[in-house]
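As a basis for the values below, the full set of heavy atoms in this structure was taken, side chains included, without hydrogen atoms, waters or symmetry mates.
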Amino acid sequence: MANKTAANEHGGFPWKHLIGFVLSIVLTLFALWIALETDLSLTWILIIIFGFAFLQAALQLLMFMHVTENSTKTKLTGRVQVGNILFAAFIAIIIVAGSVWVMTAGHAKHDKHDEPKTENHGGHGGEEKSEEHGSHK
Amino acid sequence: MAHVETHDPNTPLEYRSETGRLNILGFWIFLGAEIALFATLFATYMVLTHRIADGPALGELFEVKSLLIQTFLLLTSSFTCGLAVHEMRRHNVKGLMLWMIITLGLGLGFLYFEIQEFLHFIHEGANIGTSAAWSGFFVLVGTHGAHVTFGIFWVTMVLIQVAKRGLTPATSAKVFITSLYWHFLDVVWIFIFTAVYLMGMVMHHG
Amino acid sequence: MQRLKPFFTIGLVMAVFMLSGCSEMVVLDPKGPVGEEQKDLIMYSIWFMLFILLVVYALTAFIVYKYRDRKNHTGYDPDNEGSHLLETIWWIIPIIIVVALSIPTVKTIYSLEGPPAETKDQKPLVIHATSVDWKWVFTYPEQDIETVNYLHIPEDRPVLFKLTSADSMASFWIPQLGGQKYAMAGMETELYLQANESGTYKGRNANFTGEGFTDHTFDVMAMSDEEFEKWASETKADAPKLSKEQYDKLMLPGHVKEMTFSSTHLKFVNHADQADYALDARERLGYKSLVPHSKEAKERREEEKKKKQEEREESESHGDSHAH
Amino acid sequence: MKWDEFFVTGDPLIYGADVSIVLTMVGILFYLTKYKKWKWLWTEWLTTVDHKKLGIMYIVSAVLMLFRGGVDALLMRTQLAIPEAKFLDSQHYNEIFTTHGTIMIIFMAMPFLIGLINVVVPLQIGARDVAYPYLNAVSFWTFFIGAMLFNISFVIGGSPSAGWTSYMPLASNELSPGPGQNYYLWGLQIAGIGTLLTGINFLVTILKMRAPGMTLFRMPMFTWSSLVTMVIIIFAFPILTVALALMSFDRLFGSHFFTLQGEGMDMLWANLFWLWGHPEVYIVILPAFGMFSEIISTFSKKTLFGYKAMIWSMLLIAGYSFMVWVHHFFTMGSGAAVNSVFSITTMAIGIPTGVKIFNWLFTMYRGKIQFTTPMLWSLGFIVNFVIGGVTGVMLAMAAADYQYHNTYFLVSHFHYVLIAGTVFACFAGLIYWYPKMFGYKLNERIGKWVFWLFTIGFNVCFMPQYFLGLDGMPRRVYTYSEESGWGPLNMLSTVGGFMMGIAFLVLVYNMYYSFRFAKRETTGDAWDGRTLEWSTPSAMPPFYNFAKIPEVTGLDHFWRQKQAGKVEKLTAKDIKKIHMPSNSGVPFIMGSFFFILGFGFVFGWMWMAILGGIGVIGTLIYRSFEYDDGYYVSEEEVIETEKISK
């Protein structure tokens, strides 16, 4: 099992690279088409384009970077490399999704930036009584 | 520090020295840290993306043409970089050099168009100090661009070493590590492509 | 064991301290339903925690005493390396405790988001509390009045505080009425509090905001509904209007005395919409922020100190100025 | 920039510090010159890549920082001892608590632990060095330079005063102008690079450099805890790097991430800071757990109870550590759903931690407990840390936290965790491995005095603070009024603080005393230990650690060998030549360039920053072109060192 992927790379035509390359171009264009040319709902567009992004990232890792490649007799190294990337992806999702959730949830109804800026709290009382009062003192 | 040399002819050169093996594994771990780094930048960008103050909206200024040019340049450079390593594993120094130089060229091209785009945005009144959203954009995309710049210098340094010393376990490990770095930049770009540009345009038009 | 004795003695002394001190500590002496609810949760958790401490300490004392290295030592078993039964037990017990603590916690969290249950059907009094370095501006939009550094609230009626800040992140806290919440520029957070007893309570900013943080405090006076209405209408009639110039001056970092106005700042600005208002105001007034160790900054600090001293002397000679 | 803004003036305390710094420098220079120690300093220490020496340098720096941070603490306690005290003014107090917090976490706790990890882990796994010895030196020098950059702030330019959490917009240009906050940003940034590199270095070391036979589940618990810590470092520190960089951009280049203008979001700083900050807490506590596991097992003469449960609980804690950060700002108004989720995840961390406590207790069960000083510290840890743990659960209950937040209740809680956990572990580990580092034990009798003085002082200092918190005393106030009624408990707390200060001095005296009078160890096994670091024949391992790499057959291999009476004797035919990495002065030089870079940024002198940056890149390029494969230690030299007769 050791060095298997590495050994296969030695001769011949780089099929893996070519397939990876073609797929990545197809995925890119397809994501662009989904995003700009279709009438899907925003949620679906986001799900699909991010799905493609993760797929493409996986392609790069497997086809170009040989993430599973073992260098020693034990399989530990390959596992460490894959585990490391998976854990990193997990942390990345926590950081991004967590931050967005925490920074918007609950705040959403209070965050003035997301509201139209026409009036401020006119409903509560008589502060719209005009500016003149301000200049009295 | 154990110093075990492996002489199995099936083992690629870069894995033959203990130092090479350790460095490659260490670099993979470093890429894990880089993922956390970019994730933080993405989180920042995503949180701030609507906070445009008096400046233009992000999606308003994005252009498909410039985006596609940059994306294809970088995607292709990742492919050619893979071919370079493929050639290295066939002990073809010339092929390695050729494909790597093409990679560098594509990388420079990417940088050229990215800088053009930045200048365009600045011309349109969007710079790092325009609003929180643009700060997030410039620092996220700029950090990626800085990585590409660093990568170009780094690959050049390593190629000089290959030219001077030929392919040895030491130099080939360096080439392999720079290739990992280069592919990784492409991975990051995929997410910038999706989360910044596509999302920005969808949000703006849709 | 002998060696550990002083240790346990100290623990005991501390525990006595704690039990005797309970009734006097402000957080455990709430004057309204919100603080009451939090106190109940705190006491519930304290009993749990004391029980855990007791178990761990008893077990520690027993094991350390029994298996100390001595002559005639018995029961030594160097290869005793685990027990599935025991380990399962102490995985499960903490889980049960966490569940037992989570349920009331989550319930209280949700309940604190709204007005207290007992006065749910009353219309809450809305007060905007705005923090500016280092003072509090309170706005009563319905009464159309504004106070600085003190609050009047009716008792037995929920008060909805809308919190925001003109500059640094502050935390609005009246310990005897309930827990705190942050007040942040460009943002509006909401906090329900209620007083069930009339009296004067201490309120303050609990989140560090720089040099004047320590004195970033205010007084809360809870009174009957009639008294409150009377105060509000008198204030509306007698107090001066708040001008923009005067409000801008409030934006300068520093302390001010208590103030009262018969109009509100909401007609110039709501800091929840306009986070940079205070900075602009400072610029308009030519205020410069100084490097803390520069000569100018030291001079400014000296002046502040002198001013504060003078004010203190003045208030001492005029008696207490709590005559609102 | 005017001179009165460059040199901090006008305060007798600062003048005193100026004088003592100059005198110390002159004294050191004089000593080095007079005794011709310059070459020794350069070849033995400044250029070393030996993990043991780097570890010792980490620990020495950490003890110095403990002194600095401790003085800060005592200044604060003095000011707070009585109501309305005039000892420090507000600005000065703010600077002191900011530097106290930052130094204790970043420049004391972490380097102390990393120092011990440096010394011990390669020995515990039977390795001759770490995976990247050169990088290890870079790590040390970037940490050291970061620490020095941060520390000079109080005499040049003024210290940061926005708290160690540096919440925006308080820490922005408008509200905290001047170099102070920049020192915070760049000191941490530069030291952070070193920490990240350490993380990668030791992760690879532990995964790839273990002696044959030492599978993952045969690793000593301290090594395991280091492994888990490194994983947390690798994923947490980049977050800090970014957060600091963004704030630097806000301050230097006018971006609007966390500012009041441009719709920046101050909450986001808190969010990013704690996304790093919470894992950071576990970075400084997990190695402590590992040390206590080793020490309790050694002095109970018993295998660790529930070895696998210990490991799984650590892995669980590592995973959880990234999922609880919001409990640092429950009061930010993120809504009931967010607060509930993070309340529960936070409390859930208590589960694996509780499991560990019981496992330690049952390691002593049926043991033969010896009350050595390291063991006393470990017992003290269990008793005191539990208090910090249960109050932590109380703080995790968001609805109640609204009342504890920003008060002395919180202050007391995290000191119970960080002192009873981390600091106790640092002392325990230092004493335990002292003979490995210096060849003799610290005096046990004085050591016990230190323990009792410190532990009692610690409780006297911090227990009252729980009650102060419940009585509404907020943290970070520089004084309080007479009528608040906080006077007596504060006075008590101050007394406790000074007891801890005295205990520290006695500890330092103990180092001196033991250096002069302690009996030198003749074997490598000072405490009848269980793990490989005790198996070296000489008290202090030679620079190559093991003449022959041991082969491991199980957990506590060395202990089992001793029990079976089968400790292998080294013979001349076991000896082969040993490959070792060469020393290098480049890391030190790189560190110096980092200093120039950081100093330039602190004062906004771009030419200087660019100069430093070019220097750093120059050293990187130099290193890239340098093909140094190290050197071989000849068999003769090894035989000579090991004193084996042929």
For F176(B), is it the side chain, the backbone, both, or neither that has a heavy atom closer than 4.5 Å to a heavy atom of chain A?
side chain
What do the steps show when you test L75(B) against Q56(A) for side-chain contact (heavy atoms from CB on, under 4.5 Å), and what is the final call?
CA-CA 11 Å; L75(B) 275 181; Q56(A) 242 199 94; 3.7 Å; yes
Pair F191(B) and F54(A), ring centroids less than 6.0 Å apart
yes
Proximal component of A33(B), with respect to chain A [non-hydrogen, under 4.5 Å]
neither
Heavy-atom distances under 4.5 Å only: say whether S179(B) touches chain A with side chain, backbone, both or neither.
neither
Should I35(B) and I91(A) count as side-chain neighbours, where that means a heavy-atom distance under 4.5 Å?
no
Please work out which of the three classes, parallel, tilted or perpendicular, describes the rings of H17(A) and H86(B), given edges at 30° and 60°.
perpendicular
Check whether F72(B) gets within reach of chain A through its side chain, its backbone, both or neither, counting any heavy atom under 4.5 Å.
side chain
How far does CG of L29(A) sit from CG of L68(B), to the nearest 0.5 angstrom?
6.5 Å
Report the option among L37(B), T76(B), L41(B) that has the most heavy-atom pairs separated by less than 4.5 Å from atoms of chain A.
T76(B)
For chain A, which candidate among D186(B), L67(B), V187(B), L31(B) shows the most heavy-atom pairs at distances under 4.5 Å?
D186(B)
Taking every non-hydrogen atom, the tightest pair across M65(A) and W28(B)
O-CZ2, 3.4 Å
How many angstroms lie between atom OG1 of T194(B) and atom CD1 of I45(A), to the nearest 0.5 angstrom?
13.0 Å
Between the CG atom in L198(B) and the CZ atom in F52(A), the distance rounded to the nearest 0.5 Å is 11.0 Å
Let me know if V80(A) has heavy atoms under 4.5 Å from chain B in its side chain, its backbone, both or neither.
side chain
Applying a strict 4.5 Å limit to non-hydrogen atoms, the region of V64(B) in contact with chain A is side chain
Whatever's closer than 4.5 Å to a heavy atom in chain B on I49(A) counts as both
Report which part of L42(A) has an atom under 4.5 Å of a heavy atom belonging to chain B: side chain, backbone, both, or neither.
side chain
Once rounded to the nearest 0.5 Å, what's the spacing between atom CG of L61(A) and atom CG of L180(B)?
9.5 Å
Rounded to the nearest 0.5 Å, what separation is found between the CZ atom of F87(A) and the CD1 atom of I29(B)?
12.0 Å
Engaged part of L59(A) at the chain B interface, taking heavy atoms whose separation is under 4.5 Å
neither
Options L27(A), I34(A), I93(A), L32(A), ranked by heavy-atom pairs under 4.5 Å with chain B, top entry:
L32(A)
Residue part contacting chain A, namely of T44(B), when any heavy atom lies under 4.5 Å
neither
Heavy-atom pairs under 4.5 Å with chain A - which of T71(B), L25(B), V47(B), I190(B) has more of them than the others?
I190(B)
Identify the two heavy atoms, one from A36(B) and one from I95(A), that lie closest to each other, and give their separation to 0.1 Å.
O-CD1, 4.1 Å
Quick one: what part of I52(B) sits under 4.5 Å from any heavy atom of chain A, side chain, backbone, both or neither?
neither
Measuring from H66(A):NE2 to H183(B):NE2, what's the distance to the nearest 0.5 Å?
6.5 Å
Is it the side chain or the backbone of F193(B) that comes within 4.5 Å of chain A heavy atoms, both, or neither?
side chain
